[in-house]
Amino acid sequence: MSNVYEPREIEPRWQARWKSADAYRAKNPGEPGFDPAQKKYYVLDMFPYPSGSGLHVGHALGYVGTDIVARKKRMDGCNVLHPMGWDAFGLPAEQYAIQTGKHPRETTNENTQNFKRQLELIGVSYDWSREVDTSDPTYYRWTQWLFTRLFERGLAYRAQVPVWWCEELKTVLANEEVINGRSERGNHPCVRRPLSQWMLKITAYAERLLADLDGIDWPESIKIQQREWIGKSEGAEIRFALAGHAHETLTVFTTRPDTLWGATFMVVAPEHALVAKITTSAQRSAVEAYVAAAASKSELDRTDASKTKTGVFTGAFALNPAFDAADPRAKVPVWVADYVMATYGTGAIMSVPGHDERDFEFARKFDLEVREVVRAPSGSKALADGACFTGEGVAVNSGPIDGLATKLAKAKAIQLLEQRGVGKSKITYKLRDWLFSRQRYWGEPFPLLHLEDGTTVAVPDDELPVLLPPMDDFKPASDGSAPLARAQDWVATVDPKTKRPARRDTDTMPGWAGSCWYWLRFMDPSNAKQPFSKEAENYWGPVDLYVGGAAHAVMHLLYARFWHKVFFDAGIVHTSEPFQRLFNQGMVTAFAYQGADGRLVTSDEVETKGDAYAKRGSGEPLTQIVTKMAKSLKNVVNPDDIIAEHGADTFRLYEMFMGPLADSKPWNTRDIPGCRRFVERVWRLFVDTENDKPIRAHFAAGAADKAIEGDTLALEKSLARATKRAEDSFQALNLNTAIAGYMTFVNDATPLVSSLSRSQAERFLRLLAPFAPHLAEELWSRMGMPGLIVQASWPGADVRYLIEDEIDLPVQVNGKLRATAKAKKTANSAELEGIAREAVASHLAGKEVVKTVVVPGRLVNFVVK
RNA sequence: GCGGGAGUGGCGAAAUGGCAGACGCGCGAGACUUAGGAUCUCGUGGGGCAACCCGUGGGGGUUCGAGUCCCCCCUUCCGCACCA
């Protein structure tokens, strides 16, 4: 046994030992050794796409954080579920496979092996017996089974709808996967195309997805993003008759039915079905040109709010139901303009330029009437000032609702519309149904059969899984048709019920499908009869702490909540929400260097000159900036390299010591030696390196413990403070302060090591164990402590030692610190004031003390004139 | 434009309204060494180099006391963005 700290020897040894002891195995109810008295704790990482480039230190940040929490919870006596798996289906895996020319099955296996190797290197305490791979038939069998439940409930339907198509990726994409008209993955341009696709009726859950956000402990920013994405608006639907078209009506949605009396024109989206019907012959060529131009514009151009408004008059007029048909105000022109979205509301609006910015801008440009119908409260900018007023006020020029405040005016207007049968109250959501099919190879096949009679039925549960057919050429077809359609022997099958010929559905599910329920599979991962047992779900659900990046705010986290609610309705799970607490880890950024012209220089070309940076060779001065890690900047850091040099414990400590888990912060390899030195100091605190002995004699098994007095008492207090700080740090997950506390303790203990008792030493190791488990385990073993430290209990802080009997009393004069005096902790106000007065006597001389503030146990402040 | 987060030493960062800069990096000086890129000790916000003054993006305010609470502004990161 070497008495020099050698992580490369220590770490693999303990990792093997933990594995052979099955130290991180979580037991389900009913299993031998299951203890019903233990509380359960489910701490989950967002499982990764096993990409070809492996883990970098940013992924590891979250994994180290949850690992420390999991280890702490085990020490607290909880039955901890802390699993890991692979989100292996989907576009990235398939693209990587295409790039390398290998089958995705093969690359996925290689990549998951590499990820697992990296995670094991870090020493994370996953229960690997629960590992899942979403692309494994034993897993996707149940994804298909759960999809069937959605299908049975009418939540999956096939529809010809305008969907996003990405030519570069040769696939359709969900709304959530398209940002400003470009693909979320790869940033390729996308266009809308009407295609027949599988849709999931997430809109049926819009209200519950919104309302249930209130009951979960999630970051407010994520809740806001989900609320905005769901986009609930309350208002009214109003039907306008069209002059000269007795059988057509123009229906609009508005959140301000109270402004109906101010609607001076109508606007329909270029895609609106009525455009062709109502356009007059005089306007036809202009309208057709406008519609054609709108269709050819990119989504980005269409939706750019900063551009000036465009539009064309259709020649048609609508009749505002607020007015009698004979009233000259009733007849309003109908325009086509692309600032109205075809996909929201009814694709048409009533324009109230007096009280809507966009309508106001449009009316100004085309010289349309602006009528005031809401009087602004005095003091705010109103129509009279040449501005449009969008706030709440009092209705004017509005006949029956005149004089009513906006809230009442809305209600009254809706009531009038309903009485007259021309409108009703209406709630609209921005949320669209979820485009759920892809014409790609690497995904779950839909467990559906198309029968001869044109109907579609689910494959019976006992015929699942529907296996992906093995294909050598899995590339997407250039025309967008499904690759699975080329597997003709696979497509042609027989309906098990009728024994009649049937054709398999050739679409696959999107990458999100597997992640819509994986936290449930982890509860009971090898169940061959069900996706998971009721007992397992009842016990483990819901996830107590879910940690991952904020990037999934409206995709995975919304989809997962949706599926979970469907399961809840189907009686498959017992909670309506899957993740009780969500925590977003911050991004690990990296330094990058730029020249005076702003050009970035790859990090291997940079040299340090004291506090300054320069380009190697040329000596050009560079400035340090903070960016995302990027291959092109060569500033991506791989944990493997750090661990090879310093070991996993140092790596883990540095990841956490950088700052609070939630914060974004730059990786700085230069800072790592600080954590390495701490690890070495701990080592030397325990190991008798001077005499080349494995442990200091007074820490060895059987050594007599020391009485808690003198220096040992001082160390007891220091240890209590470190314990308290560590415990506090688990609340906000600012584990950096826990490590700082440990460093302080080691700094205190090092010069007094002969006074450090065996009990104090072993308790410190237990504090350290969640953070640096290998080091703690090695020293624990050298002390002759029984069992594994990773299965030991957390030592609580003894509050008696947190109380100081003597404090440093800050004494202020006019709020400024003038002296620090020693005072008994128990001293009363009068005694403190006396001590304080003496300490700052020179500052009080010749001054009048107007007021004295004494905060017992804290400070004294004299206010003088 | 709207919403959210964040601005504290040369750097990462601490701080229930109560001693700003804990802990660490870097840097400086010294000790021990054949040697030091090991280890240890001391120092390290700025200015005077003392007993003092100034300091948490800027400006106001509340308070005996503000990095922390309130108002206005600036910078920056993230999200959304013509949603009627």
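Naming: A, B, ... by sequence-line order, numbering from 1 per chain.
Rounded to whole Å, the P atom of B:rA31 lies 49 Å from the corresponding atom of B:rU76. Between B:rA22 and B:rU8, the two C1' atoms lie 13 Å apart (nearest whole Å). The C1' atoms of B:rG12 and B:rC27 are separated by 16 Å, rounded to the nearest whole Å. B:rC71 and B:rC11 are spaced 34 Å apart, taking the C1' atom of each and rounding to whole Å. Taking the P atom of each, B:rC78 and B:rG45 are spaced 34 Å apart, rounded to whole Å. Using C1' as the reference atom, B:rC54 and B:rG5 are 31 Å apart when rounded to the nearest Å. B:rG59 and B:rG9 have their P atoms separated by 15 Å, given to the nearest Å. Taking atom P in both B:rG55 and B:rG67, the straight-line distance is 10 Å, to the nearest Å.
Within the structure, a side-chain polar atom (N or O) of A:Ser233 is placed less than 4.0 Å from OP1 or OP2 of B:rA84. Here A:Asn668 does not reach the OP1 or OP2 of B:rG24: none of its side-chain N or O atoms lies under 4.0 Å away. Between A:Lys223 and B:rG3, a side-chain N or O to OP1/OP2 separation shorter than 4.0 Å is absent. The phosphate of B:rC25 has OP1 or OP2 within less than 4.0 Å of a side-chain N or O from A:Arg677. Side-chain N/O atoms of A:Asn734 include none lying less than 4.0 angstrom from OP1 or OP2 on B:rA14. Between A:Arg684 and B:rC40, a side-chain N or O to OP1/OP2 separation shorter than 4.0 Å is present. A:Tyr344 has a side-chain polar atom (N or O) that falls below the 4.0 Å cut-off from OP1 or OP2 of B:rA84. Taking only side-chain nitrogens and oxygens, A:Arg681 never comes nearer than 4.0 Å to OP1 or OP2 of B:rA38.
Atom CH2 of A:Trp218 sits about 9.0 Å away from atom NZ of A:Lys223, to the nearest 0.5 Å. Expressed to the nearest 0.5 Å, how far CG of A:Leu210 lies from OH of A:Tyr429 amounts to 7.0 Å.
Side chain of A:Thr820, nearest nucleotide from B:rU39, B:rC19, B:rA13: B:rC19. Listed nucleotides: B:rC19, B:rA84, B:rG24. Nearest to the side chain of A:Gln812: B:rC19. Nearest to the side chain of A:Val853, among B:rC40, B:rG18, B:rC19, sits B:rG18. Distances were taken from every side-chain heavy atom of A:Phe253 (C-beta onward) to each of B:rC82, B:rG18, B:rA84; the shortest belongs to B:rA84. The A:Ala740 side chain lies nearest to B:rA22 when the options are B:rA84, B:rA22, B:rA13. For A:Ile224, whose side chain is taken as the heavy atoms from C-beta onward, the closest listed nucleotide among B:rG12, B:rG18, B:rG4 is B:rG4. Closest to the A:Thr744 side chain, of the nucleotides B:rA13, B:rG26, B:rC23, is B:rC23. Checking B:rC64, B:rG24, B:rA14 against every side-chain atom of A:Val863, the shortest atom distance belongs to B:rC64. The side chain of A:Val855 approaches B:rG18 more closely than any other nucleotide in the set B:rG18, B:rA14, B:rA13. Closest to the A:Arg670 side chain, of the nucleotides B:rA13, B:rC19, B:rG10, is B:rG10.
Here the shortest heavy-atom pairing between A:Ala337 and A:Pro270 reads O-CD, 3.5 Å. Summarising the geometry of A:Val374 relative to A:Asp258, their closest heavy-atom pair is CG2-OD2, 4.1 Å, with the distance given to 0.1 Å.
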Passes side-chain contact (heavy atoms from CB on, under 4.5 Å), A:Thr390 versus A:Phe360? Steps please.
CA-CA 10 Å; A:Thr390 58; A:Phe360 184 71; over 6 Å; no

Apply salt bridge (charged side-chain N to carboxylate O under 4.0 Å, His left out) to residues A:Arg227 and A:Glu220 and explain how you reach the verdict.
CA-CA 10 Å; A:Arg227 285 191 194 109; A:Glu220 201 50 39; 3.2 Å; yes

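Residue contacts for A:Asp359: at a heavy-atom cut-off of 4.0 Å it reaches no nucleic acid atom on any strand shown. Heavy atoms of A:Pro673 sit nowhere under 4.0 angstrom from any nucleic acid atom. No contact: A:Thr428 has no heavy atom under 4.0 Å from any strand.
When the shell of 6.0 Å around NZ of A:Lys824 is examined, it contains 12 or fewer heavy atoms from other residues, nucleotides or ligands.
Note: CE (A:Met658) to P (B:rC23) measures 21 Å, nearest angstrom. A:Lys851 places its NZ atom 10 Å from the C1' atom of B:rG65, with the value rounded to the nearest Å. Atom P of nucleotide B:rA84 and atom CE of A:Met266 are separated by 16 Å, given to the nearest angstrom. Counting to the nearest Å, the P atom of B:rA14 and the CE atom of A:Met656 are 13 Å from each other. Taking atom CH2 on A:Trp229 and atom C1' on B:rC2, their separation rounds to 16 Å, with Å as the unit. Rounded to whole Å, atom P of B:rA20 lies 11 Å from atom NZ of A:Lys816. With rounding to whole Å, A:Asn3 atom CG is found 17 Å from B:rU39 atom C1'. Following rounding to the nearest Å, A:Glu361 (CD) and B:rG1 (P) show an atom-to-atom distance of 15 Å.
Taking the six-membered ring for Trp, A:Phe366 and A:Phe265 have ring centres at least 6.0 Å apart.
Of the residues near RNA chain B, A:Asp663 and A:Leu817, the one whose nearest nucleotide (by heavy atom distance) lies more toward the 5' end is A:Asp663. A residue-by-residue look at A:Gly659 and A:Thr255 shows that A:Gly659 has its nearest nucleotide of RNA chain B further toward the 5' end.
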Secondary structure of RNA chain B in dot-bracket form (Watson-Crick or G-U wobble, distances below 3.5 Å, | marking inter-strand pairs)
(((((((..(((.....[....)))((((((.......))))))(((....)))..(((((..]....))))))))))))....

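Under a 4.0 Å N-O distance rule, the pair A:Glu680/A:Arg676 qualifies as a salt bridge. Between A:Glu228 and A:Lys430, none of the side-chain N atoms (NZ, or NE/NH1/NH2) sits under 4.0 Å from a carboxylate O, so this pair counts as no salt bridge.
For A:Arg858 and B:rU16, a side-chain-to-base donor-acceptor distance below 3.5 Å is present, hydrogens and geometry of angles not being considered.
In textbook terms, a nucleotide whose glycosidic angle is within 90° of 0 is syn, while B:rG55, being further out, is anti.
The closest donor-acceptor contact from the side chain of A:Asp356 to the backbone of A:Asp359 lies under 3.5 Å.
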